[in-house]
Amino acid sequence: MLVAVSGFPEVLRVGDLEIAVSVSDRRKSVRLTIERDASVTAVAPPQVSRSELIKMVEAKRSWLYGKLAERRELGEARPAREYVAGEGFPYLGRSYRLRIVEPGSEVRLIRGRMELGEDGGAQELVRWYCRVGKPWLKHRIRPWASRMGAEVTGLRVQPLGYRWGSCSRDGRVNIHWATMQLPPTLIDYVLVHELAHLQRRDHNPDFWRLVERAMPGYQDRRERLRRLGPDLWLPDEGR
Ligand SMILES: [Zn+2]
């Protein structure tokens, strides 16, 4: 049976997932996308039937749930910043107040304050998190990698949209710079999660067994991460 093109986009329900479906004759296969607001859309070629679409979504369910969970962890609502004296910025789980110093100064953490040049803003702060994050994370990931028998061939700290981390098959790990705002025990969870992905791409039971073996009781950290995510500082331009 063919999907009736009229009436699209329509909402397709598969379990507790709601997917906005639209049809495009320019597509040869179905494309599933998770939007910025964590809604799911599907663009399907006209010849795909509703039941085929449902089957496809079901096959991709664990992938979708994993992506949605990661996106919620780095959720949307967060206070806007003005980069003025006294504003707090988290680093390794503690908040540091901004001290505004002369223009052109490098961002630095000194005597319990975060120093920012008068002409600085989000960009300079993001760059600082990336700069301090790289050596810190490289050092931190080493014992976890050896415990899990994973070989890390490179580590980068950068904006990653809504994800805490990502990795590639050849052992490169990317960590979102905003991770450096978390307490170290939660950063460990992000690292273990990515190291487990070096062996298992999906969030299937085998994947979670790897995480559990390396970090017994990881569920608690995962839950704390989910709750903390929205409190972190994440400017639009630094995602
Ligand atoms: Zn994951």
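Order of listing sets the numbers, starting from 1, for every ligand and every atom in it.
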*Taking all non-hydrogen atoms of both residues, which atom of H176 and which atom of V157 are closest, and how far apart?*
C-CG1, 4.5 Å

*N/O donor-acceptor pair under 3.5 Å between R224 side chain and L186 backbone*: no

*Indicate the atoms forming the closest heavy-atom contact of A122 with Y83, along with that distance.*
CB-OH, 3.3 Å

*For S166 against R163, the heavy-atom pair lying closest together*: CB-NH1, 3.6 Å

*When you check the space around the Zn ion (ligand 1), which protein N, O or S atoms turn up under 2.8 Å?*
E70 OE2, H193 NE2, H197 NE2, H203 NE2

*S168: what forms a side-chain hydrogen bond (donor to acceptor under 3.5 Å, both in side chains) with it, not counting sequence neighbours?*
D170

*asked:* Which residue is it: Y96, W128, W233? I am looking for the one with a ring-ring contact (aromatic ring centres under 6.0 Å, His included) to F89.
replied: W233

